[in-house]
Trainee: 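Can you read through this structure? Questions will come right after.
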Amino acid sequence: QVQLVESGGGLVQAGGSLRLSCAASGRTFSSYTMGWFRQAPGKEREFVAAIIRSGGYTYYADSVKGRFTISRDNAKNTVYLQMNSLKPEDTAVYYCAAKSGYAYVGSYDYWGQGTQVTVSS
């Protein structure tokens, strides 16, 4: 069982930056592929970024590529999402998720409660 707790959301002006953190419980954090997803009001949840267990491979949605960076610190059981050049369309609840294995696609096994990110124009 893995528990995930996100933090770092907030209100920022367009062009600004935020860094989200996701702290995981358990001693097997390094064995999980970690992902960030987001859901805007009235829209389906969408993939944002993922990082494979060792951190050697990362994947991004086209909409955030070049602006967002996912990273992880396995010693701290934490995954991060650095968000730069934020746009109003980035406004959403951001969720951290974990899954077993190396593939970043497919179902994720554990989810956090989400953190709100609001980008004003």
Side-chain angles (χ1 to χ4, degrees):
Q1 187 76 10
V2 176
Q3 291 185 326
L4 305 172
V5 179
E6 301 99 333
S7 62
L11 174 64
V12 64
Q13 288 188 331
S17 299
L18 281 175
R19 188 175 82 154
L20 305 183
S21 299
C22 173
S25 65
R27 295 177 291 178
T28 59
F29 175 75
S30 61
S31 69
Y32 289 94
T33 287
M34 301 298 297
W36 285 98
F37 293 77
R38 67 186 182 187
Q39 187 168 20
K43 295 187 177 181
E44 293 187 353
R45 186 168 58 195
E46 64 175 359
F47 169 79
V48 175
I51 186 165
I52 306 305
R53 306 191 315 181
S54 64
Y57 292 93
T58 57
Y59 303 89
Y60 297 93
D62 288 342
S63 59
V64 308
K65 203 171 293 183
R67 300 187 298 122
F68 290 11
T69 303
I70 188 171
S71 61
R72 67 190 296 163
D73 185 337
N74 287 341
K76 295 183 178 180
N77 281 13
T78 302
V79 62
Y80 305 97
L81 185 67
Q82 177 66 44
M83 305 185 295
N84 298 329
S85 302
L86 282 161
K87 305 175 181 179
E89 51 264 43
D90 294 318
T91 295
V93 177
Y94 283 71
Y95 298 91
C96 171
K99 68 185 301 289
S100 302
Y102 290 93
Y104 75 97
V105 293
S107 297
Y108 280 68
D109 303 306
Y110 304 101
W111 293 85
Q113 83 289 348
T115 185
Q116 176 71 45
V117 172
T118 303
V119 184
S120 63
S121 57

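When reading the values below, keep in mind they use all heavy atoms of this one structure, side chains included, and skip hydrogens, waters and symmetry mates.
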Trainee: Can you check whether K76 reaches F29 side chain to side chain, under 4.5 Å on heavy atoms?
Mentor: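 SC-SC contact between K76 and F29 ruled out.
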
Trainee: Would a single hydrophobic cluster contain both V119 and Y95, if residues Ile, Leu, Val, Met, Phe, Trp and Tyr are joined by side-chain heavy-atom contacts under 4.5 Å?
Mentor: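 No: no chain of side-chain contacts under 4.5 Å links Y95 to V119.
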
Trainee: With sequence neighbours left out, write down each residue that passes side chain to side chain donor-acceptor pair (under 3.5 Å) with E46, or none if nothing qualifies.
Mentor: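 Side chain to side chain donor-acceptor pair (under 3.5 Å) list for E46, sorted by chain: R38.
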
Trainee: What verdict does the ring-ring contact (aromatic ring centres under 6.0 Å, His included) test give for F37 and Y108, after you've listed the backbone C-alpha separation in whole Å, the side-chain angles of each residue and the deciding distance to 0.1 Å?
Mentor: CA-CA 11 Å; F37 293 77; Y108 280 68; 5.0 Å; yes

Trainee: Do L86 and Q13 pass the side chain to side chain contact (heavy atoms under 4.5 Å, CB included) test, and can you show the C-alpha distance, the side-chain angles, and the key distance before you say yes or no?
Mentor: CA-CA 8 Å; L86 282 161; Q13 288 188 331; over 6 Å; no

Trainee: W36 versus E6: any side-chain heavy-atom pair under 4.5 Å?
Mentor: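 Touching, per the 4.5 Å side-chain cut-off.
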
Trainee: Are I51 and Y102 linked, directly or through intermediate hydrophobic residues, by side-chain heavy-atom contacts shorter than 4.5 Å (ILVMFWY only)?
Mentor: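 Unlinked, Y102 and I51 end up in two clusters.
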
Trainee: At what distance, to the nearest 0.5 angstrom, does OG1 of T91 lie from CD of Q116?
Mentor: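 It comes to 7.5 Å.
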
Trainee: Does the side chain of W111 come within less than 4.5 Å of C96's, by heavy atoms?
Mentor: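 The answer is no; the side chains never approach within 4.5 Å.
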
Trainee: Would you say that M83 contacts V12 through its side chain, given a criterion of any heavy-atom pair below 4.5 Å between the two side chains?
Mentor: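 No, too far: nothing below the 4.5 Å cut-off.
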
Trainee: Rounded to the nearest 0.5 Å, what separates atom CG in L81 from atom OG in S21?
Mentor: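 If we round to the nearest 0.5 Å, L81:CG and S21:OG are 9.5 Å apart.
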
Trainee: Quick check: is Y110 connected to M34 through a chain of hydrophobic side chains (ILVMFWY, heavy atoms under 4.5 Å apart)?
Mentor: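 Yes, one cluster joins them.
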
Trainee: Any chain of hydrophobic side-chain contacts (each under 4.5 Å) joining Y80 to V64?
Mentor: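 In one cluster with Y80: V64, no.
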
Trainee: Who are the salt bridge (charged side-chain N to carboxylate O under 4.0 Å, His left out) partners of K65, not counting sequence neighbours?
Mentor: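 K65 satisfies salt bridge (charged side-chain N to carboxylate O under 4.0 Å, His left out) with D62 once adjacent residues are dropped.
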
Trainee: Is there a side-chain contact between Y104 and Y57 in this structure, where contact means two heavy atoms from C-beta onward sitting under 4.5 Å apart?
Mentor: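 No - every pair of side-chain heavy atoms lies 4.5 Å or more apart.
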
Trainee: In the single-linkage hydrophobic clustering (I, L, V, M, F, W, Y; side-chain heavy atoms under 4.5 Å), do V117 and Y60 co-cluster?
Mentor: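 Same cluster: V117 reaches Y60 through Ile, Leu, Val, Met, Phe, Trp or Tyr contacts under 4.5 Å.
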
Trainee: Restricting to non-hydrogen atoms, name the atom on A97 and the atom on L4 that form the minimum distance, rounded to 0.1 Å.
Mentor: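 The pair with the smallest heavy-atom distance is CA-CD1, 3.7 Å.
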
Trainee: Would you compute the distance between atom OH of Y94 and atom OG of S7 and round it to the nearest 0.5 angstrom?
Mentor: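 Nearest 0.5 Å value for the OH-OG distance: 15.0 Å.
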
Trainee: Starting at CD1 of I70, measure out to CD of Q82 and round the result to the nearest 0.5 Å.
Mentor: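 These two atoms lie 12.0 Å from each other.
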
Trainee: What distance do T33 atom OG1 and I52 atom CD1 have between them, rounded to the nearest 0.5 Å?
Mentor: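 If I round to the nearest 0.5 Å, the distance is 4.0 Å.
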
Trainee: First locate atom CG of N84, then atom CZ of R19, and finally report the distance between them rounded to the nearest 0.5 Å.
Mentor: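 Reported to 0.5 Å precision, the distance equals 11.5 Å.
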
Trainee: Using a 4.5 Å cut-off on heavy atoms from C-beta on, say whether the side chain of K99 contacts that of S107.
Mentor: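 Not touching, per the 4.5 Å side-chain cut-off.
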
